[in-house]
Amino acid sequence: MVRQKVILVMIDALGDAVARAQCGYLMALVEAGQARLWRMQSVLPSLSMPAYTSLHSGTPPAEHGLVSNDLEVMAPVPHVFSIVREAGGVTAAVAERLYALLFNAAPFDDVEHLEVVEGAGWVTHGCFYTEVRHTRFNPSMLGDHDICNSATLLVRRHAPDYLLVHSAAADAVGHTFGADSFEYRHQVWNMDNELALAIPVWRAAGYRVLVTSDHGMSAEGRHGGAEEGMRPVPFWDICGREGGEMPETVSQLAVAPTILEIMGLPIPETMRGVSLV
Ligand SMILES: [Zn+2]
């Protein structure tokens, strides 16, 4: 039985500096003492697949072995989805295809795995997407409004114990225009604006909401290494009280044990990070 339901919002390629400068709604919660905000150091390589796995397993890439995006395998270590499921809980995700691959079934089938209802994998209910391209001529691929509303629909229909909400738009825009661009900054603000509409609804439904990212983005539109802008990301815990900006920089490996501690579930030894709560 789960003590507290959790939603993790993962805004892909959201660097710490742009987050603090553009996320007016999330920063308002910090200023009002309703959320705690940490500066968090992403794992290396600062890439999606290594970081998605580490965010959910608390295990560094050098240990879990998923050290590139060019792998078609499932996460080989215990993770939040498997632990919630094994405890009898219900999980859900609105996320890019890599999440379906890591936590439900490999290889990913573009038709069969796009939607999961009452599935037998670690993600009980899944709404997955594959199109995250962004070009100057095709901005319509970005669906933060739909992503947040799909998450709200999952909350209404299935009331999952753990729900992952993953937006990949800032990553796509950042790769096209670079981190030092109007387009990237505006995309980050846009997601914050969608969260301003969605988070109060999720909190009213009884969820504790956490917001973070997998990695940052360099000025020239890249990530993967340790160059300026690639590793620091924000971590918000919208806990409702005793909020504020935390002075220390924490490891990304803290996310999974933090989620499990909030939910009242056991933290396995493979999780190297320490809970923030
Ligand atoms: Zn990227």
Side-chain angles (χ1 to χ4, degrees), residues 8-23 39-57 60-62 64-73 75 93-103 106 108 110 128-144 146-147 164-192 194-195 211-235 252 255:
L8 176 69
V9 179
M10 219 222 63
I11 305 172
D12 214 289
L14 176 68
D16 183 68
V18 72
R20 288 168 193 259
Q22 302 300 327
C23 295
R39 187 175 194 265
M40 186 169 266
Q41 187 85 329
S42 94
V43 294
L44 283 175
S46 54
L47 292 171
S48 293
M49 199 158 187
Y52 296 173
T53 308
S54 291
L55 275 168
H56 279 86
S57 70
H64 62 60
L66 304 190
V67 288
S68 165
N69 285 343
D70 304 327
L71 292 161
E72 287 274 321
V73 294
V94 181
E96 199 265 339
R97 64 178 282 281
L98 273 183
Y99 272 101
L101 176 72
L102 284 168
F103 302 117
F108 183 82
D110 275 12
F128 298 104
Y129 54 89
T130 59
E131 297 281 12
V132 290
R133 291 190 300 267
H134 182 91
T135 71
R136 286 167 199 274
F137 309 107
N138 198 1
S140 62
M141 294 294 186
L142 314 173
D144 283 345
D146 289 344
I147 284 167
L164 168 74
V165 184
H166 172 216
S167 162
D171 184 71
V173 174
H175 283 304
T176 305
F177 299 102
D180 188 16
S181 66
F182 163 83
E183 288 84 355
Y184 176 72
R185 286 190 282 268
H186 186 71
Q187 182 58 46
V188 169
W189 170 82
N190 184 64
M191 183 58 179
D192 177 78
E194 292 298 335
L195 290 176
V211 185
T212 192
S213 182
D214 49 350
H215 51 71
M217 180 68 70
S218 75
E220 62 181 8
R222 295 176 59 254
H223 59 83
E227 201 180 303
E228 189 180 351
M230 290 183 178
R231 294 190 77 185
V233 295
F235 181 82
Q252 196 169 37
V255 175

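In listed order, ligands and their atoms are each counted from 1.
Contact check for Pro61 versus Ser54: side-chain heavy atoms found under the 4.5 Å cut-off.
By the ring-ring contact (aromatic ring centres under 6.0 Å, His included) test, His215 is found to be paired with His223, residues two or more places apart in sequence or in another chain being considered.
Summary: OD1 is the N/O/S atom of Asp171 found nearest to the Zn ion (ligand 1).
To the nearest 10 degrees, the Zn ion (ligand 1) sees NE2 of His223 and NE2 of His175 at an angle of 100°.
When all heavy atoms of Ala13 and Asp171 are compared, the pair lying nearest together is CB-OD1, 3.4 Å.
Note on Asp12: not counted as a metal contact of the Zn ion (ligand 1), no N/O/S atom lying under 2.8 Å. Put simply, His215 stays out of reach of the Zn ion (ligand 1), with no N, O or S atom under 2.8 Å from it.
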Practice item. List the steps and the verdict of side-chain contact (heavy atoms from CB on, under 4.5 Å) for Val188 and Ile11. Key: CA-CA 8 Å; Val188 169; Ile11 305 172; 5.7 Å; no

